[in-house]
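All remarks here apply to the structure that follows.
Order of the sequence lines sets the chain letters (A, B, ...), proteins ahead of strands, with each chain counted from 1.
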Amino acid sequence: MSDTVVGANPDPHASGDDPNRRDFIHIAAGAAAVGAVVGLAWPLIDQMNPAGDTLALSSIEVDLSKVVQGQQIVVKWRGKPLFVRYRTPKEIAEAVAGDHADLRDPQTDEARHKPGKPEWLILVGVCTHLGCVPNFGLGEYGGWLCPCHGSVYDTSGRIRKGPAPKNLAVPTYNFVSDTKIKVG
Amino acid sequence: MSGHSTYEPKTGFERWLDVRLPIIRMTYDTALNFPTPKNLNYWWTFGGILALCLGIQIVTGVILAMHYVPQVDMAFNSVERIMRDVNYGWLIRYMHANGASMFFIAVYIHMFRGLYYGSYKAPREVLWILGCIIYLLMMATAFMGYVLPWGQMSFHGAVVITNLLGALPVVGNAITTWLWGGFAVDDPTLNRFFSLHYLLPFVIAGVVALHIWALHVPGNNNPTGVNVKSEADTVPFHPYYTVKDGFAISVFLLMFGVFVFWMPNALGHTDNYIPANPLVTPQHIVPEWYFLPFYAILRAVPNKLGGVLLMFGAIAVLFVLPWIDTSKVRSMRYRPTIRLYFFIFILTCLVLGFCGAHEPADKVIPGVTTFTLGDYDLNTMVWLSRIAALYYFAYFLVITPLVGLTETPLPVPDSISEPVLSHPASGPIGTAAASKKG
Ligand code: HEM
Ligand code: FES
């Protein structure tokens, strides 16, 4: 084709030359267009990430005096359930005994509660498999049983059986008084 | 088959339009005069049924959207209002909810038809892949639609399915947070799911157009799998198949009507009439029936990422099937060996669905305890789904390529017209056909 073209623009590569001015304009325009599209795509994607007000996370206080020993209460924290479990000595003993079992996500019971407060277990009530809320007191370890795909947690909230990979998460919290904790 | 048009504009207006927008010509060529193999059986009527299903979902869906409120505090109540107060709201919602199930029944039959008659083989690979894409889009649409009424199953189903992506290494958590628009399934999630649930059916309609385009280039496959050789092998689509499809659609609508009017909640789950509560997961959580086989595959693997990969793999394998299958004979009508494996494959899919509806530790044979193999007793749904999942993949990855290489197919007729005159389903067609070849 190029040999039929007449005018001021001979084939730029005929002699194997470096890119000429016209090539430069093509490359620059193309690069600018790609840059613009990528730059515009990012806002379109990022708008789906948590918005400012969603990110302004709150912390909550939980009154422990409402919990009966051997029971748990469930409160909502950042849209998720939070387990506050008041363990019996037997449950604590079972959890400690479990320290030496063959654990998938090895952790001692000690590391999962505040020092000197083994009776209080505070956990994010979200199964580490696919996010269901495990049911209290069920399963062969007396901890929790997830109704979705059968993950079994012990009385320390550690994964013992089933598809979940990790122990139930312990959130950041501290005791404000003997009967009150602040989570988050 | 495509390319030549026999349309002749009759009126002055048609002639005027034909040189400006030949839309009547296109309709005539694709929907009326399209030459179609004369031996298509009722398994071929599901394409038309599927088109109807999409139409029903779009019409009822647009109407539901006029009354539905995508907001966590109001979504459940707005659906109840549709059911109780909106004029004929109950009818429209039941049509939409059951319509989704009917859509999946039809698409599964349509897909098994394609598998049996080898409709995915050359030159129909692109047609098959477009179909697989439609199926994926349907699953995404139905999943997001099921979240909208914001019942217990809606909510916890959404939690489980979005968490699947969290299994991906490194990027998993960022992706789930991005999908949710927060740190849990919540209002932003519901809003975007509504937006996408409205959008995707129209994307499906677009891919359907490509699907039909890709169909009309090589033309329909047929029960013999033999190419159309001459005009004698075909009949015009209208009136032959418009009438046949019309009859099948009528029967299908009767069944649809039975569900809508007499058992509208049979395919749903009672827990979805309980408003969503993020703090309590229902005792027994199951997806809609059309996802059960994949759900069983997911749970068969005692490893999160492994289960997710295998589940997606179960669909991914469909995309590459045209290149896995080594057999040159299209229709299983002439492949007795693979036919047996294929029927076991259908059974396997049903077994997987059955397992998906039960809890992993449930006994298959009630009351019998055998011995524990690995993590569960052998007589449990988990082990049954493991065996079934193994067969599912073996069918595609081992049996399909091996049987294609080793089997001896029955003699394939020379043309479509031959077995129409002496139906081979009642016995292999004589050696005459074989010796006539070559
Ligand atoms: C491929 C087509 C479609 C499928 C498979 C589908 C599927 C579903 C499903 C399974 C539900 C849940 C029904 C229930 O249990 O209540 C649903 C709800 C809904 N869909 Fe669709 N849908 C489709 C198209 C559409 C379209 C095009 C729209 C709007 C333009 C729409 C609007 C809605 C609305 C507003 C709801 C919530 C009301 C309700 O739950 O009944 N759908 N859809
Ligand atoms: S979500 Fe808990 S086991 Fe799957």
Side-chain angles (χ1 to χ4, degrees), chain A residues 42 44-58 72-84 102 104-105 123-140 144-152 159-166 169 171 184, chain B residues 72 155-167 174-189 191-192 195-196 277-287 295-296 298-308 356 358-362 374-376 380-382:
Chain A
W42 178 242
L44 296 183
I45 294 168
D46 190 42
Q47 51 79 22
M48 277 175 67
N49 272 318
D53 60 337
T54 316
L55 281 174
L57 294 172
S58 54
Q72 75 168 15
I73 58 165
V74 183
V75 286
K76 198 166 159 185
W77 175 63
R78 296 182 181 175
K80 291 177 177 169
L82 187 79
F83 291 166
V84 179
D102 180 18
R104 187 175 303 167
D105 181 11
L123 300 172
V124 178
V126 172
C127 180
T128 59
H129 182 224
L130 297 175
C132 291
V133 185
N135 286 317
F136 172 80
L138 302 180
E140 56 210 82
W144 290 266
L145 171 67
C146 184
C148 291
H149 320 97
S151 284
V152 180
I159 179 68
R160 300 303 287 268
K161 197 172 157 178
K166 290 230 154 50
Chain B
V72 285
F155 180 85
H156 292 281
V159 169
V160 169
I161 303 294
T162 50
N163 267 305
L164 287 180
L165 299 167
I175 291 185
T176 39
T177 308
W178 178 74
L179 269 183
W180 291 337
F183 301 100
V185 172
D186 213 330
D187 208 30
T189 327
N191 258 290
R192 61 193 57 184
S195 169
L196 294 174
N277 177 0
L279 301 189
V280 185
T281 301
Q283 272 302 336
H284 184 43
I285 179 165
V286 281
Y295 195 57
L298 169 75
R299 294 192 302 187
V301 188
N303 170 291
K304 183 167 157 179
L305 180 60
V308 171
H358 291 82
E359 306 219 16
D362 280 1
D375 46 0
Y376 283 95
T380 50
M381 293 294 169
V382 166

- request: Would you indicate whether A/Cys148 and A/Cys132 have their SG atoms under 2.5 Å apart?
  value: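 A disulfide, yes.
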
- request: Provide the closest heavy-atom pair for B/Phe183 versus A/Pro50 in the form atom of the first, atom of the second, distance.
  value: CZ-CG, 4.5 Å

Heavy-atom pair with the smallest gap, counting every atom of A/Pro134 and A/Cys127: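 So the minimum-distance heavy-atom pair works out to CD-N, 3.8 Å.
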
task: Determine yes or no for a side-chain-to-main-chain donor-acceptor pair under 3.5 angstrom, with B/Asn163 supplying the side chain and B/Val159 the backbone.
output: yes

message: Looking at B/Arg299 and B/Gly356, would you say the former's side chain and the latter's main chain have a donor-acceptor pair under 3.5 Å?
response: yes

- prompt: Looking at B/Asn303, B/Asp186, B/Thr176, B/Leu164, which has the largest count of heavy-atom pairs under 4.5 Å with chain A?
  reply: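 Maximum pair count with chain A is reached by B/Leu164.
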
message: Looking at chain A, which one of B/His156, B/Glu359, B/Gln283, B/His284 has the largest number of heavy-atom pairs inside 4.5 Å, strictly under?
response: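 Going by pairs under 4.5 Å, I would pick B/Gln283.
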
Is chain B contacted by the side chain of [X], its backbone, both, or neither, given a heavy-atom distance below 4.5 Å?
X: A/Val126; answer: neither
X: A/Ile45; answer: both
X: A/Thr128; answer: backbone
X: A/Lys161; answer: side chain
X: A/Asn135; answer: side chain

field: Toward chain A, the part of B/Pro278 with a non-hydrogen atom under 4.5 Å
entry: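 Both backbone and side chain.
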
query: Relative to chain A, which segment of B/Leu298 carries a heavy atom at a distance below 4.5 Å: side chain, backbone, both, or neither?
result: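 Only the side chain of B/Leu298 comes within 4.5 Å of chain A.
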
- prompt: Only one of A/Leu123, A/Val124, A/Val75, A/Val133 clears side chain to side chain contact (heavy atoms under 4.5 Å, CB included) with A/Pro81; which?
  reply: A/Val133

task: Look at the rings of A/Phe136 and A/Trp144 and say which category their plane angle falls in: under 30° parallel, 30 to 60° tilted, over 60° perpendicular.
output: perpendicular

